[in-house]
Every structure is written in C-alpha cells, then in structure tokens.
Amino acid sequence: MPHTDRLGLPLTTRSDAAAAAYRDGIDLMLSAWPGADDALDRAMAADPRFAMAHAARARVHFNSAQPAEAKARIAIAQSLSGEDLTPRERSHIDTLALGMSGQATKCLTATLAHLDTWPSDAVILSLPMGAFGLYAFSGMAEHNQARVDLSERHAAAYGDDWWFGTYRGWSHTENGNAMLGRDLTQRALDKRPANANAAHALAHAMFELGAMAEADAFIARWLPTYDHRGTLYGHIFWHQALAALHEGDAARALQIYSEHLQPMVSEAIPLVATTDCASLLWRMRLYGHDVPQRLWTDLAVYAESKFPQPGVSFADVHMAFLAVATGNTSGFATRLADLDARLANGKLPAGAVVPALYRATQAFADGDPATCVRILKPLAGDIVRIGGSHAQREVIEEMLLVALLADGAADDALPLLDRRIHHASSQRDIRWRADAARAAQQTADRTRHV
C-alpha cells in the first residue's frame, strides 16, 4: 500500500518505518515541539534515499537558524529528485530550496503556485503564515489580510486539522478579529495540547483581547508541559513578561527576563532572542522603569555578533534600540548609512520605514520628542511592513505615545490612548491617559485666559 503524509499526499518511500517517522517528524515540526530532528533522522536512516525526509530535515535546520546545514540537506533532497518522485514532491523540495537560498520573493511565488495545485501540503502552506514567514517579511503593508485570504482559500482542504486551525486562528487574530482567532486557536489546542504554536497563538489572541491576567494564568499552566529546548519556550515567557508590565510589575518582568529571556540563558534562535529582549527592555524604558545598564550591554554584544550587517528589517529596528541605549553612536550611524544605501538600491523590502524608525529612535533618545513625533506619525500604516506580530510592533506605537506626551501634544495622544484602552485596558495606558487629559485641560484653561 502506498505511503502518504499526514493529510494523505503520497510519499515516495518503500519503508513503513521511514514513512511513520516522517509523519511524526512533520507533526513535531508543525507544533514547534522538540524531537522533529530525531524523528526525521530516523526516517532518513530507515530509507537514505527518502527525499522528502531530507527536505523536512533541512526545514528543521532552517527553523533552528542553521542555514549552512539547511542548504546542505536540501541539496541532498534535490539530488534525489531524479528518483521516482511525484510532481508534488519535486515542487515541494524546489520551493523549500528557494527559501533556503535566500530567494524569498521567488519562494513566495512558488509557494502560492504550489498550493493552488496541492493545497493540503501543510509544510509549504506554513512558509507564508508565521510572524517571521514569507508574507511577514515580504515588505507588504497588507500581509495580515494576505494570510487570512490564503488560509480561507484553502480551508476546505484541511477540515478540522489541528495545525491548520492554529494558523488560521492566528491569522484572524493578527488581522483584527481576535475573537474568531481565539476560538479557532483554542479548538486547535484542544485537539493537540502538545502544540506550542497553538499555545503561542492563544496567548496572542488573549493579548489582543486585553485578557492579560487570563493569558498569564494560561501560560503558567501550559508552559511546564513544554521542554525548555522548544523553539518557542523563551518567547512564550516573553508574553508573560508583557503581562507583568501590563500591570506595572516591572520587577517580575525583569525576573522573567533574567531567568528565561536573556541570551545567556535562552535557547531561542538569534532573531527571537534579539528582538524579544530588546523590545522588552525598550518598553521598560518607555514606561519609566529602571533597566540595569549591563543588561543593555550584554544584549548588544550578543545581537551585534548575530546581526553584524543590516538586512533583516525586523532585527534592524531592534538594533536601533540597542545602539541608542548603549551609546553606540558610530555603530548606529554605520548601520543607518547602510540602510539608506540599501533603500536607494531597492534592496530593502520594508522600504523607507526602516531608516525612518532609526531616525525617530535617535530623536527620542536625544530628548527631541517633536522630531520623533514628526517622523512616526505618518508611518502608522507602514510599521506593519517590518514583519513580526502586532504585539511585537506595538512598542513603536508606545514610543510615539511617550513622545506625544513629552512634546505637549496631549490632544493627539488622547484619541490613540482611548482606542488602546477600549481595545485592551492597562494600568499604564490609564495613567498615560490621565496625564494627557490633565495636560489637555491645562492647555485649554490657558487658551481661555488669553
């Protein structure tokens, strides 16, 4: 009997053991659960010419920020494409290879074409779907809607599948329908509790709905079931640190940072470790909490070793926070000049928003809130182009808010704060709104008496 993958697509292998191990490995990979590498190694050992197992192992390397290993393994998969593979398998392998060779635009085009023919190929559908996926890092301003459109287009091919429900839910949450997103994600997690992607997506939905205490309690219950080697282990702690800051508990947020997030203790990939840590520390600075300078310094040393050159817009923005927080003026200037050059040469997918954010961050750090506001206000619709999730990008909106208040622009800050409080009330935003309302009233009183 022919072997198939988890959703019934044919697999070219004669080994029962290889096919079973492959299915296990894919489930573990799609749930961000430790063990995918071991399962796929078993699949390759059972059938060394099993091209799809080599391709999946390459994807695990890629997800683990091991690009050299990923390229070597996908090359083996491509070398086996001369075997009696199905057209779907060849397209699957070639599409993955485009992404691993840095050809993101071509990879996205190939992904969408592949899915039009084989919509139930979950590994390929996963490529555009995440916060760091092909859509998020495409530079598109409408990538949240694009993810929803893609998932709804292919929903019939998945039914009530736990993996698809996870990313369908997350896509709706990120696109502004967090109630639907939460429901879809919860159903997916109920079907497979050992699914870190679903737990993560549920934490996002709770964040967007303002259910921070509920998110904190959920994470505290669920996280002990997850091995610390899991790729999302530290990031889910980041969500718990945000919940602590949401309620003004800076000491707890710093404790989570020290015990679970900072690079010396975290096993997160460099992109996650750098951006989670930099954004958390920058938030603390924005909220008026003290951050030990050594934390900034240690993080900057780590991040500069992992991202010595610009090129990943989401990382680049967080490198700006690190540079100004550590007083690295020469590094800041060099990176900004490089970004300007890349923009001029059409090599910056996110566009002008990235160097603009550098200049806004510098103005903020220099105590020039007026310039920070002047730069940030027109960028509201373009911030999404840097990628990541709404929760991750919200730090930029908060920098604008603090700059508006510092610049005496309370009337501009109030509508933004009212929207935030209606969306997800926090002690911080309530305090900021009281400050803004008081300042606006003082301005109005002065105007009346002139």
Side-chain angles (χ1 to χ4, degrees), residues 30 32 59 62-65 67 95-96 98-100 102-112 115 122-154 163-164 166-178 181 185 196-198 200-201 203-205 207-208 231-232 235 238-239 268-276 278-279 307 310-319 347-354 357 379-397:
L30 293 178
R59 181 64 184 168
F62 191 80
N63 290 345
S64 301
T95 299
L96 290 179
L98 287 170
M100 292 173 200
Q103 301 181 72
T105 301
K106 290 182 178 179
C107 184
L108 180 57
T109 299
T111 292
L112 299 179
L115 293 170
V123 172
I124 299 302
L125 182 55
S126 73
L127 302 182
M129 299 302 282
F132 293 164
L134 292 171
Y135 269 141
F137 282 175
S138 68
M140 295 169 55
E142 299 300 327
H143 65 74
N144 287 328
Q145 183 64 53
R147 275 195 301 262
V148 168
D149 293 343
L150 185 63
S151 61
E152 293 305 319
R153 184 180 312 137
H154 298 308
W163 173 80
F164 182 77
T166 296
Y167 273 95
R168 186 185 189 188
W170 190 83
S171 297
H172 280 286
T173 293
E174 285 296 292
N175 201 43
N177 192 345
T185 306
N197 279 325
H200 172 234
H204 269 278
F207 175 89
E208 295 299 336
T231 56
L232 289 174
H235 183 67
W238 177 81
H239 280 273
I269 63 171
L271 182 58
V272 173
T274 295
T275 57
D276 278 0
S279 69
F307 300 98
V312 180
S313 292
F314 193 67
D316 291 334
V317 171
H318 292 79
M319 294 300 289
K347 296 181 178 180
L348 206 58
V353 66
V354 182
L357 287 172
L379 296 180
D382 286 328
I383 300 299
V384 67
R385 297 182 63 188
I386 69 173
S389 68
H390 174 258
Q392 290 171 311
R393 295 187 302 269
E394 193 180 52
V395 66
I396 299 168
E397 179 180 87

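- With sequence neighbours excluded, no residue forms a side chain to side chain contact (heavy atoms under 4.5 Å, CB included) with Pro67.
- In this structure Ala380 satisfies the side chain to side chain contact (heavy atoms under 4.5 Å, CB included) test with no other residue, sequence neighbours excluded.
- Taking all atoms of both residues into account, the shortest heavy-atom contact from Ala315 to Thr275 is CA-CG2, 4.1 Å.
- The backbone N or O of Asp276 sits less than 3.5 Å from a side-chain atom of Trp238, completing a donor-acceptor pair.
- Residues passing the side chain to side chain contact (heavy atoms under 4.5 Å, CB included) test with Thr105, sequence neighbours excluded: none.
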Show your reasoning for whether side-chain contact (heavy atoms from CB on, under 4.5 Å) applies to His390 and Glu394. CA-CA 6 Å; His390 174 258; Glu394 193 180 52; 4.0 Å; yes
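- Partners of Arg385 by side chain to side chain donor-acceptor pair (under 3.5 Å), not counting sequence neighbours: none found.
- In terms of the side chain to side chain donor-acceptor pair (under 3.5 Å) criterion, Thr185 has no residue partners (sequence neighbours excluded).
- The two atoms that bring Leu232 and Ala196 nearest to each other are CD1-O, 3.7 Å, heavy atoms only.
- When the ring pair (Phe, Tyr, Trp, His ring centres under 6.0 Å) test is applied to His239, the partners found at least two apart in sequence or on another chain are His200, His204, His235.
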Counting only pairs under 3.5 Å, give me each side-chain donor-acceptor contact of residues 123-143, with atom names and distances, residues two or more places apart or in other chains.
{"from": "Ser126", "atom 1": "OG", "to": "Val123", "atom 2": "O", "distance (Å)": "2.5"}
{"from": "Ser138", "atom 1": "OG", "to": "Tyr135", "atom 2": "O", "distance (Å)": "2.7"}
{"from": "Ser138", "atom 1": "OG", "to": "Met140", "atom 2": "N", "distance (Å)": "3.1"}
{"from": "His143", "atom 1": "ND1", "to": "Arg147", "atom 2": "NH1", "distance (Å)": "3.4"}
{"from": "His143", "atom 1": "NE2", "to": "Val384", "atom 2": "O", "distance (Å)": "2.9"}

Chi angles and distances behind the side-chain contact (heavy atoms from CB on, under 4.5 Å) call for Glu152, His172: CA-CA 10 Å; Glu152 293 305 319; His172 280 286; 2.8 Å; yes
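- Across all non-hydrogen atoms, the minimal contact from Leu30 to Asn197 is O-ND2, 2.8 Å.
- Separating the OG1 atom in Thr274 from the NE2 atom in His318 is a distance of 9.5 Å, to the nearest 0.5 Å.
- Shown here for Ser151 and Arg168, the closest heavy-atom pair between the two residues is OG-CG, 4.1 Å.
- Interatomic distance, Lys106 NZ to Thr111 OG1, rounded to the nearest 0.5 Å: 14.0 Å.
- Annotation: salt bridge (Lys or Arg N to Asp or Glu O under 4.0 Å) contacts of Asp316 (sequence neighbours excluded): Arg335.
- When all heavy atoms of Thr95 and Ala110 are compared, the pair lying nearest together is OG1-CB, 3.8 Å.
- Considering only heavy atoms from C-beta on, Leu348 comes within 4.5 Å of Ser313 through its side chain.
- Remark: Ala178 pairs with Thr173, Glu208, Leu209 by the side chain to side chain contact (heavy atoms under 4.5 Å, CB included) rule, at least two apart or across chains.
- The side chain to side chain donor-acceptor pair (under 3.5 Å) test applied to Ser389 returns Gln392, not counting sequence neighbours.
- Looking at every heavy atom in both residues, Pro270 comes nearest to Phe307 through O-CE1, 3.7 Å.
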As a quick check of understanding, evaluate side-chain contact (heavy atoms from CB on, under 4.5 Å) for Leu112 and Leu108, giving each step before the final call. CA-CA 6 Å; Leu112 299 179; Leu108 180 57; 4.2 Å; yes
Ile386 vs Leu357, side-chain contact (heavy atoms from CB on, under 4.5 Å): CA-CA, chis, key distance, verdict: CA-CA 10 Å; Ile386 69 173; Leu357 287 172; 4.2 Å; yes
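- The CG atom of Asp382 lies 11.0 Å from the CD1 atom of Ile396; values are rounded to the nearest 0.5 Å.
- Taking Asn177 as the reference, nothing meets the side chain to side chain donor-acceptor pair (under 3.5 Å) condition, with sequence neighbours excluded.
- A distance of 7.0 Å separates SG in Cys107 from CG in Leu96, rounded to the nearest 0.5 Å.
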